[in-house]
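Report on the following structure.
Counting starts at 1 for both ligands and their atoms, following the listed order. When reading the values below, keep in mind they use all heavy atoms of this one structure, side chains included, and skip hydrogens, waters and symmetry mates. Position 1 is the first residue of the sequence, and the numbers go up from there. Since we're looking at a predicted model, the values are computed, not measured.
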Amino acid sequence: MELKEIGEFGLIYRLTQDLPSAREVIQGVGDDAAVLAVGDKWFLFTTDVLVEKVHFRWDLASPADVGFKTLAVNVSDIAAMGGRPTYALVTLGLPLDFPVEKVEEFYAGLKEAAEEYEVILVGGDITRSDIFFAGVALLGEVEPGKAKFRKGARPGDILCVTGPLGGAAAGLVLLESKEELLPETMAHFLRRKYRRPDARLEAGRILGDFEEVHALIDISDGLAGDAHHLARASGVEVNLYRAALPIYPPAQELGRRLGIDPARWALFGGEDYELLFTVEPSAVGKVAKALEGVGLNLFPLGFVEEGEGVKLVLPDGREEELECGGYDHFRGSFYEPTP
Ligand SMILES: Nc1ncnc2c1ncn2[C@@H]1O[C@H](COP(=O)(O)OP(=O)(O)OP(=O)(O)O)[C@@H](O)[C@H]1O
Ligand SMILES: Cc1ncc(C[n+]2csc(CCOP(=O)(O)O)c2C)c(N)n1
Ligand SMILES: [Mg+2]
């Protein structure tokens, strides 16, 4: 059997469905991070790797950008549980002819992220490899009982996101194009969304403090894919309003100039690292206010119903079943990156 037949998530299921658990494991496979009750504390534990030519190309991002992003994407998974990151291990795979200076620049970017997110680097591993890769294993903490999971969404909840989407995918399209497609300030903004994602750590902690927030996940594979993950974990149907998708003006402008609907980047592009959550309707106002306190907006996208899957509600009221078209490592992306 080939990997592309079952895809990344089919493989995870096959490998993990019969894993034994333990009393301390509050959440094992199936969320952004594992949750472990040790003593009177709850620990969060996650890992994410960046691989050359899969996650980045050296001609599109600096070594410091790649270093920063390697830690930021892991911090995002801790934020998506409502926690705070603490300690990290860093694993590097390096080709024999890889310049030492470039590894040092990579590490400078990684340390910049460590400082920003208050993570202490405590070790790692290094191996020779045909292709560069960098992985982080990140530990975090959350107040016992206060972790937010993918599985908590309830019918009647409002589905919301902490920021506009599609910026990173649009940035990658810009970077892969040889043409000057946008004025420099707009281009700079989108390139940065791709190269230096912000992990929404403060937002995650704020959302963690509201008991009216029922489910939480970060958007790494694209809204379409991650809304499916949330719907499946919670056993509910998610309805997304097509007209409510928040898209950065530079991404809208790029879509207009290329004749591409930027909603495709928002739905299928991925790497936005905004937080997607569901909340009781009565609490939307106070959650929005709390997010404003850290400079973020709450964007309502849709609602949760009984059922399964994800529906896209079109401006004319028609409904479309939305395929689980997020990023899958063995099936690739469902949007066309290069015009
Ligand atoms: N090799 C593996 N063995 C056991 N569990 C795995 C393995 N790979 C992934 N998982 C688990 O499967 C779930 C989904 O993994 P995935 O990497 O898609 O996480 P994510 O948070 O959705 O995405 P991202 O890696 O982009 O943050 C997670 O709970 C993860 O711990
Ligand atoms: C050069 C280049 N080509 C394509 C992409 C797009 N891409 C790669 S991995 C991924 C999903 C998140 O990864 P993971 O699930 O491993 O966390 C996405 C959207 C990129 N970033 N760079
Ligand atoms: Mg995640």
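At least one N/O-N/O distance between Asp48 and ligand 1 falls below 3.5 Å. Checking only distances, Tyr273 never comes within under 3.5 Å of ligand 1, N or O to N or O. Considering backbone and side-chain atoms together, Thr47 places no N or O closer than 3.5 Å to any N or O of ligand 1. The distance criterion of under 3.5 Å between nitrogen or oxygen atoms is not met by Asp218 with respect to ligand 1. At under 3.5 Å, not a single nitrogen or oxygen of Val29, backbone or side chain, sits near a nitrogen or oxygen of ligand 1. For ligand 1, the polar-atom distance check finds an N/O of Asp77 within less than 3.5 Å of one of the ligand's N/O atoms. Between His55 and ligand 2, a contact under 3.5 Å exists for at least one N or O pair.
Under the 4.0 angstrom criterion, atom 23 (O) of ligand 1 counts as having a protein heavy-atom contact. Within a 4.0 Å radius of atom 4 (C) of ligand 1, the protein has at least one heavy atom.
Annotation: cation-pi pair Lys193/Tyr273 absent, no NZ/CZ under 6.0 Å from the ring centroid and within 45° of its normal.
No donor-acceptor pair closer than 3.5 Å links the side chain of Ser129 to the backbone N or O of Leu94. In this structure, the side chain of Asp221 does not engage the main chain of Asp226 through any donor-acceptor pair within 3.5 Å.
Crowding of Glu141 atom CD: a count of heavy atoms from other residues, nucleotides or ligands under 6.0 Å exceeding 12. Heavy atoms from other residues, nucleotides or ligands lying under 6.0 Å from NZ of Lys111 number 12 at most.
Within the structure, the closest approach of Val73 to ligand 2 does not fall below 4.0 Å when heavy atoms are considered. Ligand 1 lies out of reach of Tyr327, whose nearest heavy atom is not under 4.0 Å from it. Taking a 4.0 Å cut-off on heavy atoms, Arg150 registers as neighbouring ligand 1. Under the 4.0 angstrom criterion for non-hydrogen atoms, Glu176 is not in contact with ligand 2. Using a 4.0 Å cutoff on heavy atoms, Gly269 counts as a contact of ligand 2.
The protein non-hydrogen atom at the shortest distance from atom 2 (C) of ligand 1 is Thr16 CG2, 4.9 Å. Atom 13 (C) of ligand 1 has as its closest protein heavy atom Gly30 N, 4.0 Å. Shortest contact from atom 30 (C) of ligand 1 to any protein heavy atom: Asp31 O, 4.4 Å. With respect to atom 17 (O) of ligand 1, the closest heavy atom belonging to the protein is Glu8 OE2, 4.3 Å. Closest to atom 1 (N) of ligand 1, if we only count protein heavy atoms, is Leu15 CD1, 4.8 Å. If you check which protein heavy atom lies closest to atom 9 (C) of ligand 1, you get Ile12 CD1, 3.5 Å.
Follow the hydrophobic side-chain contacts under 4.5 Å out from Tyr117 and you reach Val73 in the same cluster.
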#### Entry: Stepwise salt bridge (Lys or Arg N to Asp or Glu O under 4.0 Å) check, Lys286 with Glu212
CA-CA 10 Å; Lys286 64 179 179 185; Glu212 296 93 338; 2.7 Å; yes
### Message
One pair to check against side-chain contact (heavy atoms from CB on, under 4.5 Å): Leu245 and Leu223. What are the steps and the verdict?
### Response
CA-CA 10 Å; Leu245 292 182; Leu223 174 61; 3.5 Å; yes
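When all heavy atoms of Leu322 and His228 are compared, the pair lying nearest together is O-NE2, 2.7 Å. Across all non-hydrogen atoms, the minimal contact from Pro300 to Ala244 is O-CB, 3.7 Å. Counting all heavy atoms, side chain and backbone alike, Leu165 lies closest to Ala266 at CB-CB, 3.8 Å. A pairwise comparison of heavy atoms in Phe268 and Ala224 identifies CE2-CB, 3.5 Å as the closest pair.
Checked options Leu175, Leu172, Val66; the residue passing with Arg195 is Leu175 (criterion: side-chain contact (heavy atoms from CB on, under 4.5 Å)).
With a 4.0 Å heavy-atom cut-off, ligand 2 is reached by no atom of Lys53. With a 4.0 Å heavy-atom cut-off, ligand 1 is reached by no atom of Gln27.
When the heavy-atom distances from atom 2 (C) of ligand 2 to Asp328, Leu50, Val54, Asp272 are ranked, the shortest goes to Val54. Nearest-residue assignment for atom 10 (C) of ligand 2 (options Tyr273, Tyr194, Tyr327; heavy-atom criterion): Tyr327. When Asp221, Leu175, Ile219, Asn74 are checked for heavy-atom proximity to atom 15 (O) of ligand 2, Asp221 turns out nearest.
Note on Asp32: its N/O/S atom closest to the Mg ion (ligand 3) is OD1. When distances from the Mg ion (ligand 3) to the N, O or S atoms of Asp218 are compared, OD1 comes out shortest.
Taking 2.8 Å as the threshold, Asp77 counts as a candidate ligand of the Mg ion (ligand 3), since one of its N, O or S atoms lies below it. None of the N, O or S atoms belonging to Asp226 lies under 2.8 Å away from the Mg ion (ligand 3).
Heavy-atom proximity to Ser220, at under 4.0 Å, picks out these atoms of ligand 1: 23 (O), 24 (P), 26 (O), 27 (O). For ligand 1, the atoms lying closer than 4.0 Å to a non-hydrogen atom of Phe9 are 18 (O).
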